[in-house]
Amino acid sequence: MTLTAAADGSALGNPGPAGWGWYIDDDRWACGGWAHGTNNMGELTAVLDLLQQTAHLDEELHVICDSKYVINSITAWMPGWKAKGWRKKDGKPVLNVEIMQALDAAMEGRSVTFEWVKGHAGHALNEEADRLASSAAAAWAKGVAPDGGPGIPGARSGHAGTVEPAADESGPEDEPLSLF
């Protein structure tokens, strides 16, 4: 049996208040975010939290995502980055490297497929993940942590990337703040 979920991210201002969310059904969903982050950080963290929360399940995981950046990062680019010491072809460091390394670890030994869908095009699961991510970013814009959701029953880990970074932890766009 395959478990299907959608994952999405959002940032107001990019960078700015940012959120992430994943959705399976009304009983299994989660979201989080930060007062300052990027859309890509949200997209990546949504998938990371989904992988971490489903790690104890025997089911294959099918992730629906509207970010080609996330899908390509995990399925195509990551092996080359790892071989080059987490550097891109041009020798520059991989952006969001801490999240990428956590995703790499979370993918190990897993049977996960990814499907790209066009965002804001009416795909029910993607629309719910987008709503969660956008709501989380909006909550952080008001200075309030969002309701993190029920997650997955029996998950051994908490939500990834839900802690507020310290005020002095700022960096260039798409560089990770100390999330883990």
Side-chain angles (χ1 to χ4, degrees), residues 1-11 14-15 18-24 28-34 37-119 121 123 125-130 132-133 136 151-152 155-162 171 173-180:
M1 189 168 163
T2 300
L3 182 64
T4 300
D8 207 356
S10 176
N14 205 30
W20 58 264
W22 58 260
Y23 181 85
I24 297 170
R28 297 175 293 177
W29 59 271
C31 68
W34 319 271
T38 65
N39 185 60
N40 284 341
M41 289 170 62
E43 299 272 1
L44 292 165
T45 302
V47 174
L48 175 59
D49 190 75
L50 177 62
L51 289 169
Q52 290 173 338
Q53 291 234 8
T54 59
H56 68 289
L57 302 177
D58 291 331
E59 297 169 274
E60 292 182 7
L61 181 62
H62 181 72
V63 181
I64 295 167
C65 187
D66 63 14
S67 171
K68 289 182 180 180
Y69 167 70
V70 168
I71 294 170
N72 288 333
S73 292
I74 296 169
T75 64
W77 304 331
M78 200 171 286
W81 292 340
K82 285 174 58 176
K84 292 179 179 81
W86 292 98
R87 298 213 169 258
K88 299 184 289 183
K89 285 182 183 179
D90 62 7
K92 293 180 182 176
V94 170
L95 299 176
N96 301 304
V97 70
E98 290 178 6
I99 304 172
M100 295 294 185
Q101 290 171 334
L103 281 163
D104 182 48
M107 286 289 294
E108 193 169 321
R110 298 286 304 271
S111 179
V112 182
T113 56
F114 290 87
E115 176 186 354
W116 179 80
V117 296
K118 182 177 172 133
H123 188 286
L125 290 177
N126 181 254
E127 293 294 334
E128 280 300 313
D130 178 71
L132 290 168
I152 299 286
R156 288 173 261 169
S157 63
H159 295 303
T162 56
E173 183 175 344
D174 280 337
E175 280 301 314
L177 305 175
S178 185
L179 303 175
F180 308 100

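No hydrogens, no waters, no symmetry mates; every other heavy atom, side chains included, goes into these values. The structure presented is a predicted model; accordingly, all values stated were derived computationally and were not measured. Heads up: numbering here begins at 1 and tracks the sequence.
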Sequence neighbours excluded and cut-off under 3.5 Å, please list the side-chain donor-acceptor pairs for residues 104-111, or say none.
from: Asp104; atom 1: OD1; to: Lys82; atom 2: NZ; distance (Å): 3.4
from: Asp104; atom 1: OD2; to: Lys82; atom 2: NZ; distance (Å): 3.1
from: Arg110; atom 1: NH1; to: Leu51; atom 2: O; distance (Å): 2.8
from: Arg110; atom 1: NH2; to: Thr54; atom 2: OG1; distance (Å): 2.8

Spacing of Asn96 atom CG and Thr38 atom OG1 [to the nearest 0.5 Å]: 5.5 Å
Once you round to the nearest 0.5 Å, how far does CG of Asn40 lie from OG1 of Thr45? 10.0 Å
By side chain to side chain contact (heavy atoms under 4.5 Å, CB included), Leu132 pairs with (sequence neighbours left out) Tyr23, Trp29, Cys31
Given Met78 and Leu103, is the side-chain contact (heavy atoms from CB on, under 4.5 Å) satisfied, shown in steps? CA-CA 10 Å; Met78 200 171 286; Leu103 281 163; 4.3 Å; yes
Mind listing the closest non-hydrogen atom pair of Leu61 and Thr2 along with its distance? C-CG2, 4.4 Å
Nearest-0.5 Å distance that lies between atom CE in Met41 and atom CG in Leu95: 11.0 Å
Of all the heavy-atom pairs spanning Ala133 and Gly21, show the shortest one and how long it is. CB-N, 3.7 Å
Residues Ala121 and Glu127: closest non-hydrogen pair is N-OE2, 3.3 Å
To the closest 0.5 Å, what do you measure between CD1 (Ile99) and CG (Leu44)? 5.5 Å
Any pair counted as ring pair (Phe, Tyr, Trp, His ring centres under 6.0 Å), so long as it reaches residues 96-117, sequence neighbours left out: none
Only pairs under 3.5 Å count here: list side-chain donor-acceptor contacts from residues 86-94, not counting sequence neighbours, and write none if there are none.
from: Arg87; atom 1: NH1; to: Gly91; atom 2: O; distance (Å): 3.1
from: Asp90; atom 1: OD1; to: Lys92; atom 2: N; distance (Å): 2.9

Which residues satisfy the side-chain hydrogen bond (donor to acceptor under 3.5 Å, both in side chains) test with Glu59, sequence neighbours excluded? none
For a quick test of reading the model, state the closest non-hydrogen atom pair linking Ala46 to Asp8 and the distance between them. CB-O, 3.3 Å
Considering all heavy atoms of both residues, which atom of Trp22 and which atom of Ala129 are nearest to each other, and what is their separation? CA-CB, 4.4 Å
Backbone of Ala155 reached by a side-chain donor or acceptor of Gln53 within 3.5 Å: no
Minimum heavy-atom separation for Asn39 to Gly9, with atom names? OD1-O, 3.0 Å
Compare all side-chain heavy atoms of Asn126 with those of Lys118 and state whether any distance is below 4.5 angstrom. no
Report the residues that fulfil salt bridge (charged side-chain N to carboxylate O under 4.0 Å, His left out) with Glu128, sequence neighbours left out, ordered by chain and then residue number. Arg131
Non-neighbouring partners of His62 that pass side-chain hydrogen bond (donor to acceptor under 3.5 Å, both in side chains), sequence neighbours left out: Thr113, Glu115
For Trp77, give me all partners under side chain to side chain contact (heavy atoms under 4.5 Å, CB included), at least two apart in sequence or on another chain. Tyr69, Asn72, Ser73, Trp81
